[in-house]
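Okay, structure first, notes after.
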There are 2 protein chains.
Amino acid sequence: MSKSSGFSSVASRAAQATDAAAHASVRAAHANELAEDYVEAIAMLIASRGEARVVDLAQAMGVTHVTVVRTIARLQREKLVISQPYRAIFLTPAGQSLATRSRERHELVVAFLRSMGVSASIAERDAEGIEHHCSPQTLAAFARSMRTRQTRK
Amino acid sequence: MSKSSGFSSVASRAAQATDAAAHASVRAAHANELAEDYVEAIAMLIASRGEARVVDLAQAMGVTHVTVVRTIARLQREKLVISQPYRAIFLTPAGQSLATRSRERHELVVAFLRSMGVSASIAERDAEGIEHHCSPQTLAAFARSMRTRQTRK
DNA sequence: TTGACTTTGTAGCCGATGCTACACTTTGCC
DNA sequence: GGCAAAGTGTAGCATCGGCTACAAAGTCAA
Ligand SMILES: [Mn+2]
Ligand SMILES: [Mn+2]
Ligand SMILES: [Mn+2]
Ligand SMILES: [Mn+2]
């Protein structure tokens, strides 16, 4: 087994360690992802409709109300939202803060993709996933790229 | 409920439909993600060590061997790999094809981030997540950006 | 006020992806 | 050939995030 057929075992072991860290990082991002999108959606609903209700969130996320109810329960455990039976959903200060950061990051990623020539609807779709995997350094690179406008098309 | 406090209900309903589609798209991407990274890792192991074993995959993905075994069982159900007890893991033609496409996309995303000035290790980490959320149009934009070299430091 | 409609909650199912603990097979070396 | 170590498999647990079906609560208009 592992006959290391002619190639450097050392090099591939090192590469594996790097890979493992990257994959662990992706798993961590996924663990936060839903929370980020929910608080962002809640903040937008409060801004546009005055309050965030379970049905509206279900509509926004494209899931059933049951899924929303359980997710909101988790977010409440994590002190990001406040929710009482049959009432609207509110954001805690921590939730507010996360919502603001998430919205700004979302808008940055969308704007960057648009600046690369990606169409609005596709930029929106791709950004919804990409946003959760961008380190501060990558976000900075996106912002810099847009500032130093090389006006693409 | 939904008192639509002064804002356009029509506009926010339309925005919600768009949002829902984007979130659905992200969920779909996540459903394929692990398969893509596994076949990519398997192909790399075969190239570098001659064969892909459960332990090597566990090392590469940063999970326990138990998780690898169950995931490989799923990939076999999906006809992407061939696996027999206590033997090395092989790719089916479909698995090979997916591995090649995944590797090329992975390399494109890493190269693009590098071209934006992101450091090698961070580009590798971010790309591991970003790669699964890039539409063909976005990938094309990345490739175009690198071709029309505006040599960013 | 009351009854229909809307909204929210609950029960219980599923699959995916992590884990530990333990059992079994294979491999390699003496 | 036999034994220890390494590799692989299995049992069983947990969490998360989907779902349907049904129950309960709230809202609104006649
Ligand atoms: Mn998102
Ligand atoms: Mn993702
Ligand atoms: Mn990946
Ligand atoms: Mn990858």
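Proteins come first, then strands; the chains are lettered A, B, ... in the order of their sequence lines, and each starts at number 1.
Using a 4.0 Å cut-off, no side-chain N or O of A:Arg53 falls inside it from OP1 or OP2 of C:dT7. Listed pair B:Thr71 / C:dA16 fails the phosphate criterion, with no side-chain N or O lying under 4.0 Å from OP1 or OP2. Within the 4.0 Å cut-off from OP1 or OP2 of D:dC19, at least one side-chain nitrogen or oxygen of A:Thr64 is found.
Taking a 6.0 Å sphere around CZ of B:Arg87, one finds it holds 12 or fewer heavy atoms contributed by other residues, nucleotides or ligands.
Placement of B:Val110 and A:Met116 in two distinct hydrophobic clusters is found when ILVMFWY residues are connected by side-chain heavy-atom separations under 4.5 Å, directly or transitively. Clustering ILVMFWY residues whenever any of their side-chain heavy atoms sit less than 4.5 angstrom apart, transitively, puts A:Phe112 in a cluster other than the one holding B:Val26. Residue A:Val54 is not grouped with residue A:Met44 when hydrophobic side chains (ILVMFWY) are merged at heavy-atom distances under 4.5 angstrom, including chains of intermediate members.
In this structure, B:Leu75 atom CG and C:dG15 atom C1' are separated by 14 Å, rounded to whole Å. The interatomic distance linking B:Met61 (CE) with C:dA16 (C1') rounds to 14 Å, in whole Å. Rounding to whole angstrom units, CD of residue B:Gln59 and P of D:dT8 are separated by 13 Å. The CG atom of A:Leu57 sits 14 Å away from the P atom of D:dG17 (whole-angstrom rounding). Whole-Å rounding puts the A:Leu34 CG to C:dA16 P distance at 19 Å. As a whole-Å value, the separation of A:Ile72 CD1 from D:dG18 C1' is 16 Å. The interatomic distance linking B:Arg27 (CZ) with D:dC19 (C1') rounds to 12 Å, in whole Å. Between the P atom of D:dG17 and the NE2 atom of A:His30 lies a distance of 12 Å, rounded to the nearest Å.
Distance from the side chain of A:Arg74 is smallest to D:dC16 among D:dT8, D:dC16, D:dC19. Checking D:dC19, C:dT17, D:dT8 against the side-chain heavy atoms of B:Val55 singles out D:dT8 as nearest.
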Quick test: give all pairs of protein nitrogen or oxygen and nucleotides 9-12 of chain D nitrogen or oxygen below 3.5 Å, distance rounded to 0.1 Å.
unit_1, atom_1, unit_2, atom_2, d
D:dG9, OP1, B:Tyr86, N, 3.2
D:dG9, N7, B:His65, NE2, 3.0
D:dG9, O6, B:His65, NE2, 3.1

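Using cut-offs of 30° and 60° on the angle between ring planes, the pair B:His30 and A:His133 is perpendicular.
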Worked verdict on B:Ser135 versus B:Thr138 for side-chain hydrogen bond (donor to acceptor under 3.5 Å, both in side chains): CA-CA 5 Å; B:Ser135 63; B:Thr138 293; 3.3 Å; yes

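Mapped onto DNA chain D by nearest heavy atom, A:Ala35 and B:Ala88 fall at different nucleotides, with B:Ala88 at the one closer to the 5' end.
You'll find the side chain of B:Arg105 reaches within 4.5 Å of the side chain of B:Leu139, heavy atoms only.
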